[in-house]
**Q** 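Once you've had a glance at the structure underneath, I'll fire off some questions.
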Amino acid sequence: DTISIPSGATLNSAGTNTLNSIVNTPAFEAKTNADVDVTSGATTKVQFDTELFDTDSCYDTSNYRFTPNVAGKYYIWSIVGCNSKSNANLETVEVRLYKNGSWENTAHFDFRTNNARFAAPMVASVITFNGSSDYVESYVNIGDSSGNPNTQANYYSRFGGYKLIGT
């Protein structure tokens, strides 16, 4: 049976219920398939080229961006494994989210007083999308004293998001 509930009504329920239209989609998660060398100190788009899932075909593996086709607020996150390839060369790492080409949010680690070899910062943000042209991408900036850093593949680097219910 289908029951229509008017706007402003309160729903109290006992027993088993199926609410088919309340879903956190569109949703996606992608990973990198290979380690990628990057230029130290340069902001570089992360090439999340392998979809783990994409409920509404909104993630594009050719340009590494998520363009949801439903307007609303989305929880978007990215984690990137940043590697200096040798001990004590990693100075700074940033993982950034860009909406429509503009910097939205960042996670930043600074190791300059005690350099590291590897870090995997994660950034997350709630971002509003218009459901047609707004998109989000993930970027990384790795400062490395050897000048030879890379991003680590597979489970070290992931990018995902989903629509928040009720927004």
Side-chain angles (χ1 to χ4, degrees), residues 24-69 72-164 167:
N24 291 94
T25 59
F28 80 102
E29 185 173 352
K31 68 176 186 169
T32 58
N33 203 31
D35 296 352
V36 176
D37 290 337
V38 296
T39 301
S40 180
T43 301
T44 307
K45 187 191 304 189
V46 183
Q47 298 175 10
F48 293 101
D49 56 359
T50 304
E51 289 180 340
L52 299 170
F53 66 90
D54 183 5
T55 63
D56 294 64
S57 300
C58 295
Y59 185 76
D60 189 334
T61 57
S62 68
N63 62 15
Y64 320 113
R65 67 173 57 158
F66 177 62
T67 308
N69 57 11
K73 293 186 184 331
Y74 287 74
Y75 180 80
I76 303 293
W77 59 273
S78 180
I79 185 168
V80 180
C82 303
N83 185 16
S84 70
K85 298 189 219 173
S86 58
N87 290 332
N89 285 332
L90 195 61
E91 296 176 334
T92 59
V93 294
E94 286 186 349
V95 175
R96 300 175 180 176
L97 295 176
Y98 279 70
K99 177 185 173 188
N100 300 333
S102 296
W103 192 355
E104 180 75 20
N105 202 353
T106 190
H108 176 83
F109 294 166
D110 188 331
F111 302 107
R112 285 178 286 196
T113 60
N114 189 16
N115 288 4
R117 178 183 181 131
F118 179 85
M122 179 179 166
V123 61
S125 194
V126 174
I127 302 174
T128 302
F129 292 90
N130 65 13
S132 59
S133 60
D134 287 341
Y135 63 91
V136 65
E137 302 163 307
S138 178
Y139 284 75
V140 67
N141 187 310
I142 305 172
D144 180 297
S145 61
S146 73
N148 192 27
N150 71 6
T151 60
Q152 296 286 282
N154 297 311
Y155 46 83
Y156 289 115
S157 298
R158 302 284 175 104
F159 181 34
Y162 54 88
K163 186 177 184 305
L164 297 175
T167 61

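Just so we're clear, the structure is a prediction, and the values are computed from it rather than from any experiment.
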**Q** Could you check whether any side-chain N or O of T106 sits under 3.5 Å from a backbone N or O of V95, counting only pairs where one atom can act as donor and the other as acceptor?
**A**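 Indeed, once roles are kept as given, a pair shorter than 3.5 Å links the two residues.
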
**Q** On a heavy-atom basis, which atom in L97 and which in S78 lie closest, and how many Å separate them?
**A**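 Smallest heavy-atom distance, with atoms named: CD2-CB, 4.0 Å.
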
**Q** Can you find a pair of side-chain heavy atoms, one from V140 and one from C82, that are under 4.5 Å apart?
**A**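 A side-chain contact exists here, since the closest heavy-atom pair is under 4.5 Å.
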
**Q** Report yes or no: do T25 and T55 form a side-chain donor-acceptor pair below 3.5 Å?
**A**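 Note: T25 and T55 side chains miss the donor-acceptor criterion.
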
**Q** Does N141 use its side chain to pair, donor to acceptor, with the backbone of G41 at less than 3.5 Å?
**A**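 Yes: the side chain of N141 pairs with the backbone of G41.
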
**Q** Taking side chain to side chain donor-acceptor pair (under 3.5 Å) as the test, write out the residues that go with S62, two or more places apart.
**A**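 With sequence neighbours excluded, S62 shows a side chain to side chain donor-acceptor pair (under 3.5 Å) to D60, given in chain and number order.
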
**Q** Cut-off 3.5 Å, no hydrogens considered: what does the side-chain donor-acceptor table look like for residues 118-127, sequence neighbours left out?
**A**
none

**Q** For N63, does its backbone N or O pair with a side-chain atom of K45 as donor and acceptor, under 3.5 Å?
**A**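 Indeed, once roles are kept as given, a pair shorter than 3.5 Å links the two residues.
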
**Q** Within a strict 4.5 Å, meaning less than it, do heavy atoms of the N105 and R96 side chains meet?
**A**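 Answer no - side chains too far apart.
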
**Q** For the CD atom of E137 and the OH atom of Y64, what is their distance to the nearest 0.5 Å?
**A**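 These two atoms lie 11.0 Å from each other.
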
**Q** Counting distance only, does the side-chain N/O of S157 pair as donor-acceptor with the main-chain N or O of Q152 below 3.5 Å?
**A**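 Flag set: sc S157 to bb Q152 pair under 3.5 Å.
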
**Q** Taking atom types as modelled, find out whether S145 and N89 have a side-chain donor-acceptor pair closer than 3.5 angstrom.
**A**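 Yes, N89 and S145 have a side-chain donor paired with an acceptor closer than 3.5 Å.
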
**Q** Check for a donor-acceptor pair, side chain of D49 on one end and backbone N or O of N33 on the other, with a separation under 3.5 Å.
**A**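 Pair found, side chain donor or acceptor close to backbone of N33.
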
**Q** For the residue pair V38 and T151, establish whether any side-chain heavy-atom pair is separated by less than 4.5 Å.
**A**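 Yes, at least one pair of side-chain atoms sits under 4.5 Å.
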
**Q** Between I79 and Y155, is any pair of side-chain heavy atoms under 4.5 Å apart?
**A**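 Heavy-atom side-chain distance check fails, nothing below 4.5 Å.
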
**Q** Is it the case that the side chain of D110 and the backbone of R112 share a donor-acceptor pair, with hydrogens and angles ignored and the cut-off at 3.5 Å?
**A**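 Answer holds: yes.
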
**Q** Quick one: which of Y162, Y75, Y135, Y74 gives a ring pair (Phe, Tyr, Trp, His ring centres under 6.0 Å) with F129?
**A**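 Going through Y162, Y75, Y135, Y74 one by one, the ring pair (Phe, Tyr, Trp, His ring centres under 6.0 Å) with F129 is satisfied by Y74 alone.
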
**Q** Sequence neighbours left out, what passes side chain to side chain donor-acceptor pair (under 3.5 Å) with K85? Give chain and number order.
**A**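 Listed in chain order: D37, N148.
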
**Q** What residues, two or more places apart in sequence or in another chain, satisfy side chain to side chain donor-acceptor pair (under 3.5 Å) together with S57?
**A**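 S57 satisfies side chain to side chain donor-acceptor pair (under 3.5 Å) with no other residue.
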
**Q** Please report the shortest heavy-atom distance between S138 and V80, naming the atom on each side.
**A**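 Heavy atoms only, the tightest pair is OG-CG2, 4.3 Å.
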
**Q** Please check: side-chain N/O of N24 versus main-chain N/O of K163, any donor-acceptor pairing under 3.5 Å?
**A**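 Here the side-chain-to-backbone pair exists.
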
**Q** When the aromatic ring centroids of Y59 and F66 are compared, is their separation below 6.0 Å?
**A**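 No; F66 has its ring centre 6.0 Å or more from that of Y59.
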
**Q** For a 4.5 angstrom cut-off between non-hydrogen side-chain atoms, does E104 reach I76?
**A**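 Not touching, per the 4.5 Å side-chain cut-off.
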
**Q** Sequence neighbours excluded, which residues qualify as ring pair (Phe, Tyr, Trp, His ring centres under 6.0 Å) partners of Y139?
**A**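 Expected list: Y98.
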
**Q** Compare all side-chain heavy atoms of V93 with those of F111 and state whether any distance is below 4.5 angstrom.
**A**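 The answer is yes; the side chains approach within 4.5 Å.
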
**Q** Where do P26 and N69 come nearest, in terms of heavy atoms and distance?
**A**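 Taking every non-hydrogen atom into account, CG-OD1, 3.4 Å.
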
**Q** First locate atom CG of L90, then atom CG of N83, and finally report the distance between them rounded to the nearest 0.5 Å.
**A**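 Separation between the atoms: 8.0 Å.
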
**Q** Under the criterion side chain to side chain contact (heavy atoms under 4.5 Å, CB included), I'd like the reasoning laid out for T44 against T39: C-alpha separation, chi angles, the key distance, then a yes or no.
**A** CA-CA 8 Å; T44 307; T39 301; 5.6 Å; no

**Q** Mind checking what makes side chain to side chain donor-acceptor pair (under 3.5 Å) contact with E91, not counting sequence neighbours?
**A**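 Here no residue qualifies.
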
**Q** Between E29 and W77, is a side chain to side chain contact (heavy atoms under 4.5 Å, CB included) present by the stated rule, with each step listed?
**A** CA-CA 9 Å; E29 185 173 352; W77 59 273; 3.6 Å; yes

**Q** Identify which one of L52, V46, T50 satisfies the side-chain contact (heavy atoms from CB on, under 4.5 Å) criterion when paired with F48.
**A**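 Per the side-chain contact (heavy atoms from CB on, under 4.5 Å) rule, the option paired with F48 is V46, out of L52, V46, T50.
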
**Q** Please say whether more than 12 non-hydrogen atoms of neighbouring residues, nucleotides or ligands are located less than 6.0 Å from OH in Y156.
**A**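 Not more than 12 within 6.0 Å, no.
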
